[in-house]
2 protein chains.
Amino acid sequence: MPTYTAPTKDMAFLLHEMLKVSTQNVPGYADLEPDFTAAVLEEAGKITSEVLAPLNVVGDREGCRLENGVVYTPTGFKQAFQQVCEAEWPGLATDPEYGGQGLPYVIGNAVGEMFASANQAFTMYQGLTNGAYAAIHAHGTDEQKSRYLPKMTNCEWTGTMNLTEPHCGTDLGMMRTKAEPQKDGSYKITGQKIFISAGDHDMADNIIHLVLAKIPGGPEGIKGVSLFIVPKFMVNDDGSLGARNGVSVGSIEEKMGIHGNSTCVLNYDGATGYLLGEEHKGMRAMFTMMNHARLGVGMQGLAQAEVAYQNAVIYARDRLQGRDVTGAKNPSGPADPIIVHPDIRRSLMDQKSFVEGARAFLLWGAAMLDRAHRMDDKDADGLISLLTPVIKGFLTDQGYDMTVKAQQVYGGHGYIEEHGMSQFTRDARIAMIYEGANGVQALDLVGRKLAADGGKHVMAFFDMVKTFIKENEGDAALKADFLDPLKAASKDLQSSAMYFMQTGMKNPNNALAGSNDFMHLFGHVCLGLMWAQMAKAANEALAAGTSDPDFYQTKLTTGRYYMARQLPATALHLARIQTGADTVMALAPEAF
Amino acid sequence: MPTYTAPTKDMAFLLHEMLKVSTQNVPGYADLEPDFTAAVLEEAGKITSEVLAPLNVVGDREGCRLENGVVYTPTGFKQAFQQVCEAEWPGLATDPEYGGQGLPYVIGNAVGEMFASANQAFTMYQGLTNGAYAAIHAHGTDEQKSRYLPKMTNCEWTGTMNLTEPHCGTDLGMMRTKAEPQKDGSYKITGQKIFISAGDHDMADNIIHLVLAKIPGGPEGIKGVSLFIVPKFMVNDDGSLGARNGVSVGSIEEKMGIHGNSTCVLNYDGATGYLLGEEHKGMRAMFTMMNHARLGVGMQGLAQAEVAYQNAVIYARDRLQGRDVTGAKNPSGPADPIIVHPDIRRSLMDQKSFVEGARAFLLWGAAMLDRAHRMDDKDADGLISLLTPVIKGFLTDQGYDMTVKAQQVYGGHGYIEEHGMSQFTRDARIAMIYEGANGVQALDLVGRKLAADGGKHVMAFFDMVKTFIKENEGDAALKADFLDPLKAASKDLQSSAMYFMQTGMKNPNNALAGSNDFMHLFGHVCLGLMWAQMAKAANEALAAGTSDPDFYQTKLTTGRYYMARQLPATALHLARIQTGADTVMALAPEAF
């Protein structure tokens, strides 16, 4: 059975030595002193490793079941959900006005990673609630906010996001679910939604469905879509629950993974719904949820890679097979542990350098989000908006690959379900798909975000990289191993953007044919920047005479590995991008 | 439900236009006239698409079950096995002396791909039999051959390979299963074997287990391992079946995929076994099976990629979502089919250019094997021996990635089990692991095969590439798009080999740390060579005024895509290789 140990030490390093949060001039950050964050991280580490991680395999094996219209979650989920809620984890970074603790995202994100590592399927019940919460918080009336948000904070109620229909997911303009206005100002919602994560369950008293639907007579396509609050049980004015609303579970999908989460077909038969935000402006409100959710999904890519990596390391240290070619490392035993073998090392270093880089990237991004929200910093907002598809697409593609590598360390034992390594890959697989498949992320990045506000944000990114390199170029400990590779990679990114500008005008397909490569190229540059920043922090600690030099030396070695072995992928992505659309688009559809 | 259509046209192109089999001077090839091979391929296409493919999902959902010591295969498997056997497919390329049809591997391989695409779990029952057959054929006594081979040819009996034990898989020197000599010349086999594919089932009257075990008192480690024939039911001298032997099924493993194949724990409790080959020379005999099996596993990588690709294309043509940015392609419909989108194209072209290149590589390799076996061509034997780990490792790594890409085309519909796309990835995953995990393939390639016979075979490979380039350099239709990229990639391969020679002497880890990259680099060069050869054949057909120019133009476009977008990966692999072992091996085991 796999185990999970929260990487609290690495998180503390990132918060206090790389990001130096408590010295940043962001409202709320002054509270983030090392003692305080250590206490939060330790407690979160405890409940995730002790309560949630052991239920991960249970959820996978049992799955959810639908009986007489009622959805039952796997054994232990309900009790664990209560424990999590009693400890007030879900409200950690939500608005104090509605019962939250109001901590910054940067600490919420660190805690979120732990939950997602320990049990992704379980954590999604709360994750969807967070998305629905964010949409109501941003677009709801005061009455809606006070009616729904407190109970979504204390977990009495959970939330869902209803977008997809059988015939449309990405292209929501085609949706058929309709919302007919009623005399009392409410709407009657009718239609079928599919792939609804956490769509129904037995862990909370009520579920607040956020549902996209079309008001008849409105504009065609995506411009006629509105967003509605549709509670599972009607909510009386005093907050008590009334009758069951007209929404029911058609079925639970059989999936490759995340069996512990109930992915439902939901049928709306004249269900009562309440407009959230403005009529026909549903997509705007939905994107509040989506952007929030996309960062969370990117985190899942990291989180599954992390837990898979941890277990791969344990196995590699334990499993005896073959001998170190340079001389036995366990001469008294029948063989050496497989961690002595270079190709096992290569795989573990790929994983380690990815998860540590990705964690830095996500916490850095969360700090950017804090600046945007707490300081109304438009530049930070623009930057995180630009990078959201990179975080979602790159981290989930790579995160999945890392779970496959971790599974591979187990050989045949990774393929049988007994060791749990298969589950990590099966669970991680969904993150490449939901909240906008990664191809859609790449399209969003290249087709929309790159040129947004006149390309201002990507220029700001390049400036940031350039400034960091310039400021540290005199540091010989950084230059050859970190700054030079970062500079080369950043140049590849700039060349790609230039290629898109030059050729995309003539034919947008020249840019779009390279969108996936560009997303990955961008991701590598981001991780390269993170590694350079981590290396700088590690050097500072070593220069200051840290009592734990091994930690920082390991950090530097891991960073060097990333810069030497992973970052050069940018050249391949650039080469592919520069071939344009010709061979990609040449074939007639029937020639495939 | 997914479908499968055998790629008979592409196979005919490879056999007759690229390999030009019937004009090759190989015994048996003269029979391979286009009409004959077309008939064989068409019949194989029929049974695989009509009988086996529909059972693929059934096998995945039902799995195998063990009841009172008896293993039951999924509904329909037994009847399908009878149909396959009655049509004599298993004996297609086996020795006529024992009832086989004696056709060359090159046609057996094409047929084998179809079986593996249509239903990998089902086909493995026969695949393991083939491996056991090959070992008995190569190392058995005349009496053993005539006793076992005819019934393994006509499917009355199947076979298995028993290597792995709970504590050892790669490092078989540690095995504990023992074989105690009996007075009658037989042995009593005692021990536990795990991960035994097709280990037991209800489809054949008997199962011939080939079991590695140690004879007490023999040499330590791998040099004391012998191979034994252990029938499930004892075989009387007249070929009739006697008592049940002392081998029983402990359990069936729960796996990520290939649920239709019974992966068994087999317990040997003093079972009667017969030495196959010489005492303590079991590994030699086992490698006869392994090399055979490794080529078959490489083929599974292609086969799953092919069937997943086929279904991705069907979905991409059918699913309406969004509009072509350059102008609607389905203006009267609510949206365009997703095949108009560049990133979907990119994914489909990745898949198409891989499967067609891989198919060429496997058939080319099978032709090499025919030369080795039918003409005793030592050079061909050396070359295929060198390339076996490339075929196994590269094609299964890449093949798996392609199934993931195909699944991604389906978006959320790829994650639910309903469409069958998840099964292709789950089934393909095992091919990276069994018959020697791909890290072991890379080790075999770099640590053993590369320097075998003084490096003669890799030099022969380089010569072959060089000669092809030289002979065709005057052909402008090939030069820029095919020969120049091939030359660059081949140079990267040579530089890598050179790096290994120069630095591996000082420290073998400098070579082994790059073994995985080298295997992939080598694989790309092989597929690049194949594409250049296919392009040449396509140009010839076009110049000759073919009646089907679209097929050849499509071939050329697909080839150009591979050369432009995939082959440049060689530079990244070289860059990684040239960083050596430093960052790979630097950390202490406890630093991970």
Side-chain angles (χ1 to χ4, degrees), chain A residues 164 168-171 174 195 253-256 313 317 321-322 325-326 334-335 339 342-343 345-346 348-349 352 408 411-412 415-417 422 429-430 432-434 437 439 442-443 508-509 512-513 515-516 554 557 560-561 564-565 568-569 572 575-576 579 581 583-587 589 591-592, chain B residues 164 168-171 174 195 253-256 313 317 321-322 325-326 334-335 339 342-343 345-346 348-349 352 408 411-412 415-417 422 429-430 432-434 437 439 442-443 508-509 512-513 515-516 554 557 560-561 564-565 568-569 572 575-576 579 581 583-587 589 591-592:
Chain A
T164 307
C168 70
T170 302
D171 189 354
M174 295 196 286
F195 301 161
E253 301 285 3
E254 297 284 339
K255 306 183 300 289
M256 185 177 182
V313 169
R317 283 198 196 113
Q321 210 80 176
V325 289
T326 64
I339 202 167
D343 192 59
R345 286 287 181 132
R346 189 259 322 157
L348 294 177
M349 291 301 293
K352 182 174 173 64
Q408 188 74 12
Y415 195 69
I416 58 172
E417 296 291 353
S422 156
R429 183 67 185 87
I430 188 59
M432 296 159 71
I433 298 172
Y434 60 17
L443 177 64
N509 285 345
L512 299 181
S515 58
N516 178 69
T554 296
T557 299
R560 281 190 203 105
Y561 182 91
R565 289 227 170 203
L572 174 59
R576 284 185 185 147
T579 67
T583 58
V584 178
M585 303 305 290
L587 295 187
F592 281 88
Chain B
T164 307
C168 70
T170 302
D171 189 354
M174 295 197 286
F195 301 162
E253 301 285 4
E254 297 284 337
K255 306 184 300 289
M256 185 178 182
V313 169
R317 284 196 195 115
Q321 210 80 172
V325 288
T326 64
I339 202 167
D343 192 58
R345 286 287 181 132
R346 189 260 321 156
L348 294 178
M349 291 301 294
K352 182 174 173 63
Q408 188 74 10
Y415 195 67
I416 59 173
E417 295 291 355
S422 157
R429 183 68 184 87
I430 187 59
M432 296 159 72
I433 299 172
Y434 60 18
L443 177 64
N509 285 345
L512 298 181
S515 57
N516 178 68
T554 296
T557 300
R560 281 190 202 106
Y561 181 91
R565 289 229 168 201
L572 175 59
R576 285 186 185 146
T579 67
T583 58
V584 178
M585 302 305 291
L587 296 187
F592 280 88

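For clarity, every value in this text was computed on a predicted model and none was experimentally measured. So you know, we letter chains A, B, ... as the sequences are listed, proteins then strands, and number each from 1.
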### Message
What part of Ala564(B) gets within 4.5 angstrom of chain A, counting heavy atoms only: side chain, backbone, both, or neither?
### Response
both

### Message
Between Gln321(B) and Cys168(A) (side chain of the first, backbone of the second, donor and acceptor by atom type, cut-off under 3.5 Å), is there such a pair?
### Response
no

### Query
Is there a donor-acceptor pair under 3.5 Å between the side chain of Arg345(A) and the backbone N or O of Leu587(B)?
yes

### Summary
Between Gln408(A) and Ala437(B), the two heavy atoms sitting closest are NE2-CB, 3.8 Å

### Summary
Between Pro342(A) and Asn509(B), the two heavy atoms sitting closest are CG-OD1, 3.1 Å

### Task
Could you tell me which non-hydrogen atom of Leu572(B) sits nearest to which non-hydrogen atom of Ala569(A), and how far apart they are?
CD1-N, 3.5 Å

### Message
Below 4.5 Å, heavy-atom pairs only: which of Ala581(B), Gly169(B), Ala586(B) has the largest tally toward chain A?
### Response
Gly169(B)

#### Entry: Any donor-acceptor N/O pair, Glu417(A) side chain to Glu254(B) backbone, under 3.5 Å
no

### Task
Output the distance between atom CD1 (Ile416(A)) and atom NZ (Lys255(B)), rounded to the nearest 0.5 Å.
10.0 Å

### Query
Does any heavy atom of chain B fall under 4.5 Å from the side chain of Ile339(A), the backbone, both, or neither of them?
side chain

### Task
Heavy atoms only, distances under 4.5 angstrom: which of Glu253(B), Met349(B), Met585(B), Arg429(B) has the most pairs with chain A? Name it, please.
Arg429(B)

### Message
I'd like to know if the side chain of Arg317(A) reaches the main chain of Pro589(B), judged simply by a donor and an acceptor atom lying under 3.5 Å from each other, with no hydrogens or angles considered.
### Response
yes

#### Entry: Region of Thr170(A) in contact with chain B, defined by heavy-atom distances below 4.5 Å
both

### Summary
Sorted by chain and number, sequence neighbours left out, ring pair (Phe, Tyr, Trp, His ring centres under 6.0 Å) with Tyr415(A) holds for none

### Summary
Of Asn516(A), Thr554(A), Leu443(A), Val325(A), the largest count of non-hydrogen pairs under 4.5 angstrom with chain B goes to Asn516(A)

### Message
Can a donor-acceptor pair be found, under 3.5 Å and without considering hydrogens, that links the side chain of Arg576(A) to the backbone of Arg565(B)?
### Response
yes

## Note on the structure
Highest number of heavy-atom pairs under 4.5 Å with chain B among Met174(A), Arg560(A), Lys352(A) belongs to Met174(A)

### Message
Can you give me the closest heavy-atom contact between Ser422(A) and Met256(B), atom names plus distance?
### Response
OG-CG, 3.4 Å

### Message
Heavy-atom pairs under 4.5 Å with chain B: which of Ile430(A), Leu512(A), Asp343(A) has the most?
### Response
Ile430(A)

## Note on the structure
Heavy-atom nearest pair, Ile433(A) first then Gly412(B), reads CG2-N, 3.3 Å

## Note on the structure
Ranking Val584(A), Thr164(A), Thr326(A) by heavy-atom pairs under 4.5 Å to chain B gives rank one to Val584(A)

